[in-house]
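First the structure, in the form of structure tokens, and then the observations on it.
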Amino acid sequence: MCGFVGLFNKQKVPDTDLKEAADSIMHRGPDMQGTETGYNWKVAFNRLSINDLSSKGMQPFRYQGVVVYVNGEIYNYIELGEEHKGEFKSASGSDVEIIPFLYKKYGLKFLDLLNGMFSIILIDETKKINYLIRDRFGKKPLYYCQGDENLFFASEVKALKNIKNLEVDKINLKINFSCWFLPQPLTLYKDTYNVYPGSYLKYENGEITENRWYNPKIKTTSENEDVISENFINFFRKAIKYRLRSDVPVGVFLSGGLDSTSIAKFSKEFSTNRFYAFGAKIPGKEDWENSNTDTVIPQKLCKDLGIKYEAILLDYDYFNKNIIKIVANYDEILMNSGVLIFYALSALAKKNGVSVIMAGIGGDEIFGGYPWQSGVTRKLGILFKGLHNKVPYSNYLHKMLDIFWEKLPIIYQILSDHGVWHSQTLGGSMFFNPRSKEKCSIDEKLRTLTKNYYNFAENNFYDGDIYNKMHYRNIFTVMGHQNYQSDIGCMSQSVENRSPFEDVDLFEYMMSVPDKVKIRDGHKGLLRKVLKKHMPSYVTEAKKSGPTMPIHTWFYDENMYEPIKKFVLKNIKLIQSFLSPEIAKNISGQYDKYFAEKNSLRLFAVINFLIWIKVNITHDIKSTELSFEELIRK
């Protein structure tokens, strides 16, 4: 796990100084730093030592005119080495060293052999072709932009900003608010992008083309539930075993839910005593959620399994001291309060000497999706099926009259603008009036964007489980957002994040399982049923508890409400200029109503937007050590 920043040029050795840019993302790789230059390329690399802690593991790796840098992990490097031992002999314990050999032997088809998460810089000095390659599910970021005759690239946008002036894209800011995240491949800056998951950029003679390399063909299985359950456990165990490969201690972020607890349980089967679990104590959470899942269950499970468990206190004091640091590090607008947990737990892991963490991202996609997204489509299932299979809607209308009026706005958007609906299911209409000009400009851009990933999903399925297709599309939306959250949060503390549920073999297999099988017994019903054979009932029967913070109690405290209100109104012109005149007008005219306590997440988003603008655009915030209260009361 590492970080890099660099550039390609058409025909000359670049002379750009990358030192400041590389230092800005030193947190991604604090163990070693180096810069190398080739015929038309230059790369600065920061290394986080995970496999082979010696200097032999330092990148780049070379083989017969091929130069490779990797941010990520190739989990099956041992098997690949064994398979090719007659042709290739490794000089290190690095998982990356074999990649230039594989490219030389197979060309870009070598990517299909990799089980891992990665962003790759691959330079073919013989053919004078350079590549930027991203893993199947977008676990590792890879940003790029053009300037003069150069193609710049980096592991974080903040590194690009140190070598090129980037201009804020106001439409993308609005999209960030509308979707509650930035869909792939957008950033908050004009003409600056993330490489699509499962795709690569080819740079040859100054020309750039982007192509997909990951094109699975998923066919719905007819296996019975017992076979599916057994296959899942086998795939899951293999995914866990791969992700325990490390020369440093490994841990898990433990929430008490099915995903993280199952990771802990099966990890303990393979791990030594160098396996840890970390959780959060959030005061008052049990009262407003009426659940103690994420406090009691992690402690009890770790005691039963013999896993060392530590929890960090996530209270207002943590928010006050750290929110400006976190927003400054985040290259998007921070909308979700649960992101704070990634930062806090990563710091706790690092404090305990743990540099590799596992989390449950991808579990929802492969086991039936999100209730707030898939639930409405199942309620409209007959119509939804007609939509995808191009069956006349009149044949189905009589079956949905009972829900038609209740769901009319959603029905309308599903029918008229399904891609836009899908990208916005997390954010809803919290900020923009559905009929406003601003919403029209947002939807217009999303329409083009979603067309791309809808085509990807259609091409990757032989037949048509429409819900699995919808969950697969989340690679470019909600799952992509979660991958970004985990990467940026964990790497801020030099901690690598691994996600067993995103293992390629496991993911593709579970995408072949009919959705109706996975949700027959309710949300994640199949997973719960399978795990009952392996996990204690206090886990499998527990109430779900989400990663949320009690911001409504913090912001609406009698000592905080007025200072926050004063801060927001004082900066209303920034909202008007960079985000939305309509939103600024609503806030100015009816602040107390617009930010009623039930809308605390709306206030959280606007506050973080203002902090982000003050850090990145107006530069009013000079130090990220500033506390939240110091900011709003000055």
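Keep in mind that what you see is a predicted model, and the values were worked out from it rather than measured.
Side-chain contact between M510 and K518 is present, with heavy atoms from C-beta onward closer than 4.5 Å. Between H471 and M479 there is no side-chain heavy-atom pair separated by less than 4.5 Å. With a 4.5 Å cut-off on side-chain heavy atoms, I133 and L108 count as touching. For the pair V354/F278, a side-chain contact is recorded, criterion being any heavy-atom separation below 4.5 Å from C-beta on. Residues S355 and K350 form a side-chain contact, since some pair of their non-hydrogen atoms from C-beta on lies under 4.5 Å apart. At a threshold of 4.5 Å between non-hydrogen side-chain atoms, the residues P197 and F137 do not count as touching. With a 4.5 Å cut-off on side-chain heavy atoms, R47 and Q59 do not count as touching. Here the side chains of E156 and H27 are in contact, with some heavy-atom distance below 4.5 Å.
Side-chain atoms of K164 and Q146 form no donor-acceptor pair, as typed in the model, at a separation below 3.5 Å. With hydrogens and angles left out, the side-chain atoms of D247 and N51 include no donor and acceptor closer than 3.5 Å. In this structure, a donor-acceptor pair under 3.5 Å is absent between the side chains of Y242 and N115. Side chains of Y103 and D124: a donor-acceptor N/O pair is present below 3.5 angstrom, by distance only. Side-chain N/O atoms of Y343 and K325 include no donor and acceptor closer than 3.5 Å.
In summary, of the residues considered (Y330, F181, Y143), a ring pair (Phe, Tyr, Trp, His ring centres under 6.0 Å) with Y484 occurs for Y330 alone. In summary, of the residues considered (F153, F8, W41), a ring pair (Phe, Tyr, Trp, His ring centres under 6.0 Å) with Y203 occurs for F8 alone. No option in N46, L48, I50, L53 other than L48 meets the side-chain contact (heavy atoms from CB on, under 4.5 Å) test with D31.
Within the 3.5 Å criterion, the main-chain N or O of M117 finds no donor-acceptor partner in the side chain of D135. In this structure, the side chain of T192 engages the main chain of K190 through a donor-acceptor pair within 3.5 Å.
Remark: I120 CD1 to L114 CG distance equals 6.0 Å, nearest 0.5 Å. Separation of atoms CG (N483) and CD1 (I475) is listed at 9.5 Å; rounding is to 0.5 Å. Atom OG of S486 is separated from atom CD1 of I357 by 11.5 Å, given to the nearest 0.5 angstrom. Atoms CG and CG, from L186 and D169 in turn, are 8.0 Å apart once rounded to the nearest 0.5 Å. Atom CG in L166 sits 7.5 Å away from atom OG1 in T187 (nearest 0.5 Å). Taking CG of D259 as the start and CG of L527 as the end, the distance is 6.5 Å to the nearest 0.5 Å.
Smallest separation of non-hydrogen atoms from A359 and P500: O-CD, 3.5 Å. Of all heavy-atom pairs between V495 and S346, the closest is CG2-O, 3.7 Å. Considering every non-hydrogen atom in both D331 and L188, the closest pair reads O-CD1, 3.7 Å. When all heavy atoms are compared, the tightest approach of F4 to S119 is CZ-OG, 3.6 Å.
Ring planes of Y189 and W612: tilted class, angle from 30 to 60°. Classification of the Y193-Y144 ring pair by plane angle, with boundaries at 30° and 60°, yields tilted.
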Starting from the C-alpha separation in whole Å, work towards a yes-or-no answer on side chain to side chain donor-acceptor pair (under 3.5 Å) for N9 and K42. CA-CA 9 Å; N9 187 280; K42 187 173 185 178; over 6 Å; no
Yes or no on salt bridge (charged side-chain N to carboxylate O under 4.0 Å, His left out) for R245 and E79, after CA distance, side-chain angles and deciding distance? CA-CA 12 Å; R245 288 178 172 173; E79 289 75 13; 2.7 Å; yes
Please assess L340 against N322 for the test side-chain contact (heavy atoms from CB on, under 4.5 Å), listing each intermediate value before the final yes or no. CA-CA 9 Å; L340 275 64; N322 292 280; over 6 Å; no
List the steps, then state whether side chain to side chain donor-acceptor pair (under 3.5 Å) holds for Q33 with K19. CA-CA 10 Å; Q33 186 182 69; K19 175 64 174 171; 2.9 Å; yes
Take F507 and R136, measure what side-chain contact (heavy atoms from CB on, under 4.5 Å) needs, and give me the verdict at the end. CA-CA 11 Å; F507 197 92; R136 297 170 176 87; over 6 Å; no
Under the criterion side chain to side chain donor-acceptor pair (under 3.5 Å), I'd like the reasoning laid out for N474 against Y370: C-alpha separation, chi angles, the key distance, then a yes or no. CA-CA 10 Å; N474 282 333; Y370 304 93; 5.4 Å; no
Determine, step by step, whether E332 and I488 satisfy the side-chain contact (heavy atoms from CB on, under 4.5 Å) criterion, reporting the C-alpha distance in whole Å, the side-chain angles of both residues, the deciding distance to 0.1 Å, and the verdict. CA-CA 10 Å; E332 299 180 8; I488 198 75; over 6 Å; no
Could you walk me through whether L449 and S423 pass the side-chain contact (heavy atoms from CB on, under 4.5 Å) check? CA-CA 9 Å; L449 204 65; S423 65; over 6 Å; no
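For residues 107-132, the ring-ring contact (aromatic ring centres under 6.0 Å, His included) pairs, not counting sequence neighbours, are Y131-Y200. Counting only residues at least two apart or on different chains, the side chain to side chain donor-acceptor pair (under 3.5 Å) pairs with a member in residues 205-217 are Y214-E508.
Looking at D487 and K140, a side-chain N of the basic residue comes within less than 4.0 Å of a carboxylate O on the acidic one, giving a salt bridge. Note on K238 versus D503: no salt bridge recorded, every NZ/NE/NH1/NH2 to OD/OE distance being 4.0 Å or above. A salt bridge links D364 to K524: one of the charged nitrogens lies within less than 4.0 Å of a carboxylate oxygen. A salt bridge does not link K104 with E87: none of the charged nitrogens is closer than 4.0 Å to a carboxylate oxygen. Salt bridge K265/E269: present, at least one basic N to carboxylate O contact under 4.0 Å.
Separation of the Y509 and F236 ring centroids does not fall under the 6.0 Å cut-off.
Other residues, nucleotides and ligands contribute at most 12 non-hydrogen atoms within 6.0 Å of the NZ atom of K241. Heavy-atom contacts from other residues, nucleotides or ligands closer than 6.0 Å to NZ of K10 number 12 or fewer.
Cation-pi geometry between R473 and Y454 is met: the NZ or CZ atom falls under 6.0 Å from the ring centre, inside 45° of the normal.
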